[in-house]
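Here is the structure we will look at, set down as structure tokens.
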Amino acid sequence: MSDVRVRFAPSPTGYFHIGGARTALFNWLYAKHTGGTFVLRIEDSDTERNTKESLNSLLSNLRWLGLNWDEGPEVGGAYGPYFQSERGDVYQKHLKRLRDEGKVYEKDGALWLKVSGETQTIDDIIHGPVQRLEEKDFVIYRSNGTPVFHFVNVVDDMEMHITHVIRGEDHLSNTSKHLELYKALGAPAPKFAHIPLILKTDGPGKMSKRDRGSLVEEYRDKFFIPAALINYLSLLGWSPKDDRELMSLDEIIAAFDLVGINKTHARFDEKKLSFMNAEHLKQLPKEEFFTRGIEVLRKTEHADWLKDEVYLKKIFDIVQEKLRSFEELPNFIAYFFDKNYPFEPTALQKILKHQPRERLSELQTALSTLPTFGCEVVENALKTLSAEKNLPAGAYIHTLRFAVSGRNVGPSLYHLLDVLGKDEVLRRIQRCLATCSFA
RNA sequence: GUCCUGUUCGUCUAGAGGUUAGGACAUCGGGUUUUCAUCCCGAAAACAGGAGUUCGAUUCUCCUACGGGACGCCA
């Protein structure tokens with residue numbers, strides 16, 4: 001355990017967004033990398049805007065991402081409470097001292113901190129030394145008696161012995177206020193690391209809660225793999241400096257450091273995120289793919305597909321390499337369960353050139369005489385047939401896929417046939433013949 | 001407006017005072033006698049502009065332009 005202590009200090013005033021998740025991630029990674037402590041502190045001093053739902057969303061999404069905190073809500077710790085709304089006496093204590101020392105004065109009912117008039121130098125790990133003069137006194141307690149962000153933020157970081165403040169660059173300008181506060185409180189300032197912001201995919205400005213794709217919730221609802229989101233987010237503003245991109249959590253932790261973080265803002269790219277999700281999906285251990293897949297089917301109300309676990313497992317096995325996201329899973333495997341699966345018109349169009357009626361009846365004959373029905377057997381049968389008729393194998397393959405699934409995309413055909421079994425395949429061919437008009 | 005901050009392919013990034021400026025996503029093209037949303041190969045694609053330092057700058061300095069942020073009794 002090192003003495004590094006970092007914190008993520010969100011205010012629960014809306015849904016948890018990507019920018020916040022990335023900030024939390026960088027803090028968490030740094031804690032993991034250094035063997036330090038990751039603190040979660042809830043900045044709920046604005047009672048008007050805080051909601052219970054936001055807090056729940058925040059906590060559950062952090063957990064979904066796997067960003068567990070060592071100290072904070074629901075886990076406790078030596079420096080609690082971790083809700084600012086419960087730390088009023090702590091702030092009062094420090095306020096009293098500042099007043100006693102004459103560093104604070106009252107005006108219009110609010111309490112103002114006297115600034116030093118000296119240029120502050122922010123010791124920023126990413127940007128280097130940044131100098132800024134805080135010219136005007138500023139409010140630290142509102143006229144309604146509640147403390148403002150800058151004050152509680154600094155008091156808490158001090159009280160909680162935070163060693164590294166890792167936060168968005170939008171706070172860089174605020175930091176001169178914070179340095180004034182540290183000085184007034186007689187406490188040494190922590191190190192700062194102001195990380196670049198995440199900008200909208202297109203258009204000007206930083207990503208906001210209103211932008212499409214900006215909420216962690218959205219990815220969770222679409223059954224993204226948390227490790228993929230983590231991987232993608234970690235590469236926004238940071239890189240391992242070699243050409244690695246697809247990385248496991250452990251690899252990221254090992255390589256992560258504050259010093260390597262970029263100064264430039266990054267634009268959010270959903271396409272690359274999807275790509276990474278697909279890659280992580282492919283690499284999932286079979287067991288985990290199965291577990292997650294079942295959860296997806298439950299949540300999408302396909303629980304009736306879960307009855308035959310052996311069958312389901314076979315399907316998952318042949319589908320994993322082709323699937324790009326769990327969101328597509330139900331549709332991707334629907335025809336395995338729906339005996340009356342639809343024959344897609346566009347798919348039909350693509351096979352018309354193969355004269356499907358003839359091909360299917362030839363397949364009926366060839367397949368029905370097979371004594372056994374494994375991948376190899378079927379493959380041989382198809383190849384023999386195409387050789388006999390002097391037709392490309394594709395003519396049979398495409399037609400058959402269409403007949404048994406109604407589509408022209410899907411898992412490896414021979415595996416697909418193997419999973420369905422001989423009787424079902426023949427039944428499906430017959431149904432196709434009876435249902436489809438090949439004119 | 002003031003202050004802070006930044007600027008390498010469309011996007012995420014690597015890079016070093018002298019490189020064919022590398023990788024990834026996306027795009028386009030080709031291939032795998034199983035289509036494809038898999039896999040493989042290939043192509044196109046960038047150092048914002050101007051001075052200065054230097055034998056040499058995309059890399060260092062300055063200026064300009066453009067981008068982003070902060071300037072609240074929000075956090």
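Letters A, B, ... mirror the listed sequences (proteins, then strands); counts begin at 1.
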Have a look at H194(A) and say if it touches a base, only the backbone sugar-phosphate, or nothing, with a 4.0 Å heavy-atom cut-off. nothing
Below 3.5 Å, does any donor atom in the side chain of K322(A) face an acceptor in the base of rC36(B), or the other way round? yes
Among R87(A), E74(A), E71(A), which one satisfies side-chain hydrogen bond (donor to acceptor under 3.5 Å, both in side chains) with Y82(A)? E71(A)
At under 4.0 Å between heavy atoms, what does G410(A) touch on the DNA or RNA strands: base, sugar-phosphate, or nothing? base
Gap between atoms CG and C1', on N231(A) and rC25(B) respectively (whole Å): 13 Å
Quote, to the nearest angstrom, the P distance that separates rU34(B) from rG15(B). 45 Å
Quick one: which of rA75(B), rG10(B), rG23(B) gets closest to the side chain of D269(A)? rG10(B)
When all nucleic acid strands are considered with a 4.0 Å heavy-atom cut-off, which category describes K136(A): base, sugar-phosphate, or nothing? nothing
Please state the P separation for the pair rC25(B) and rA21(B) - nearest whole angstrom. 22 Å
rU34(B) OP1/OP2 closer than 4.0 Å to side-chain N/O of S412(A): no
Could you go through residues 376-383 of chain A and list every donor-acceptor pair under 3.5 Å that involves a side-chain atom there, pairing it with any protein atom two or more places apart or in another chain?
| unit_1 | atom_1 | unit_2 | atom_2 | d |
| --- | --- | --- | --- | --- |
| E379(A) | OE2 | K383(A) | NZ | 2.7 |
| N380(A) | ND2 | E376(A) | O | 3.3 |

Side chain of E245(A) only, please: which of rA24(B), rU13(B), rC25(B) is the nearest? rA24(B)
Taking any heavy-atom pair under 4.0 Å as a contact, classify D170(A): base, sugar-phosphate, or nothing. sugar-phosphate
What is the distance, rounded to the nearest whole Å, between atom CG of L246(A) and atom P of rG23(B)? 16 Å
Measure from the side-chain heavy atoms of V139(A) and tell me the nearest of rU5(B), rA37(B), rC73(B). rC73(B)
Closest to the side chain of R132(A), out of rC4(B), rU13(B), rC36(B), is rC4(B)
Does OP1 or OP2 of rG67(B) have a side-chain N or O of K206(A) closer than 4.0 Å? no
Between rC12(B), rA70(B), rU34(B), spot the one nearest the side chain of K272(A), thanks. rC12(B)
When the P atoms of rU54(B) and rU64(B) are considered, how many whole Å apart are they? 23 Å
If the C1' atom of rU8(B) is compared with that of rC4(B), how far apart are they to the nearest Å? 24 Å
Whole Å only: how far is the CZ atom of F275(A) from the P atom of rA37(B)? 15 Å
On a whole-Å scale, what distance lies between the C1' atoms belonging to rA43(B) and rG50(B)? 34 Å
Mind telling me whether H178(A) and H150(A) have parallel, tilted or perpendicular rings, with 30° and 60° as the class edges? tilted
Please tell me if N262(A) has a side-chain N or O lying less than 4.0 Å from either OP1 or OP2 of rU7(B). no
Taking the side chain as C-beta and beyond, is there a heavy-atom pair between R22(A) and P196(A) under 4.5 Å? yes
What is the separation between atom CG on D418(A) and atom C1' on rU34(B), rounded to the nearest whole Å? 16 Å
With a sphere of 6.0 Å drawn around NZ of K183(A), does it hold more than 12 non-hydrogen atoms of other residues, nucleotides or ligands? yes
Please work out if P12(A) contacts a base, only the sugar-phosphate, or nothing of the nucleic acid, heavy-atom cut-off 4.0 Å. nothing
Rounded to whole Å, CH2 of W238(A) lies from P of rG23(B) at a distance of 20 Å
Under 4.0 Å between any heavy atoms, over every strand shown, what does L172(A) touch: base, sugar-phosphate, or nothing? Just pick one. sugar-phosphate
Describe the nucleic acid contact of G205(A) in one word from base, sugar-phosphate, nothing, applying a heavy-atom distance below 4.0 Å. sugar-phosphate
Sugar-phosphate only, base, or nothing, as touched by P10(A) at under 4.0 Å among non-hydrogen atoms: nothing
Contacts of R407(A) and R267(A) projected onto RNA chain B by closest heavy atom; the upstream (5') one is R267(A)
For nucleotides rU7(B) and rA24(B), find the distance between their P atoms and express it as a whole number of Å. 24 Å
Nearest-nucleotide pick for L199(A), side chain only, options being rG68(B), rC12(B), rA37(B): rG68(B)
Out of rA75(B), rG6(B), rA14(B), minimum distance to the side chain of H171(A) belongs to rA75(B)
So do the side chains of Y232(A) and F275(A) get within less than 4.5 Å of each other, counting heavy atoms only? no
Taking the P atom of each, how far is rG22(B) from rG69(B), in whole Å? 32 Å
If you measure from the C1' atom in rA44(B) to the same atom in rC39(B), how many Å do you get, rounded? 23 Å
Side chain of L235(A): nearest nucleotide among rC12(B), rG68(B), rG69(B)? rC12(B)
Taken to the nearest whole Å, CZ/R401(A) to C1'/rC36(B) is 8 Å
Find the partner of rA37(B): check Watson-Crick (N1-N3 plus N6-O4 or O6-N4) and G-U wobble (N1-O2, O6-N3) distances, both under 3.5 Å, and reply none if neither fits. none
Examine the base of rC73(B) for any acceptor or donor lying under 3.5 Å from a partner atom in the side chain of S143(A), and report the outcome as yes or no. yes
Do NZ/NE/NH1/NH2 and the carboxylate oxygens of K314(A) and D418(A) come within less than 4.0 Å? no
Please report the distance, rounded to the nearest Å, between NE2 in H178(A) and P in rA70(B). 13 Å
I need the full list of side chain to side chain donor-acceptor pair (under 3.5 Å) pairs touching residues 323-338 of chain A, with sequence neighbours left out, sorted by first then second residue. N331(A)-R407(A)
N/O (side chain, H127(A)) to phosphate O (OP1/OP2, rG6(B)) under 4.0 Å: yes
Report yes or no: is there a donor-acceptor pair, N or O only, under 3.5 Å between the side chain of T264(A) and the base of rG6(B)? no
On RNA chain B, compare the nucleotides closest to Y414(A) and V409(A); which residue's is nearer the 5' end? Y414(A)
To the nearest angstrom, the CZ-P distance between F138(A) and rA70(B) comes to 17 Å
Heavy atoms under 4.0 Å, any strand shown: does A266(A) hit a base, just sugar-phosphate, or nothing? sugar-phosphate
Of the candidate nucleotides rA70(B), rU34(B), rC39(B), which contains the atom at the shortest distance from the side chain of E279(A)? rC39(B)
Should D89(A) and K93(A) count as an ion pair when the cut-off is N to O under 4.0 Å? no
Using a 4.0 Å heavy-atom cut-off, does S173(A) contact any base of the nucleic acid, only the sugar-phosphate backbone, or nothing at all? base
Of the candidate nucleotides rA75(B), rC12(B), rC4(B), which contains the atom at the shortest distance from the side chain of F149(A)? rA75(B)
Using a heavy-atom cut-off of 4.0 Å across all strands, would you classify Q131(A) as base, sugar-phosphate, or nothing? sugar-phosphate
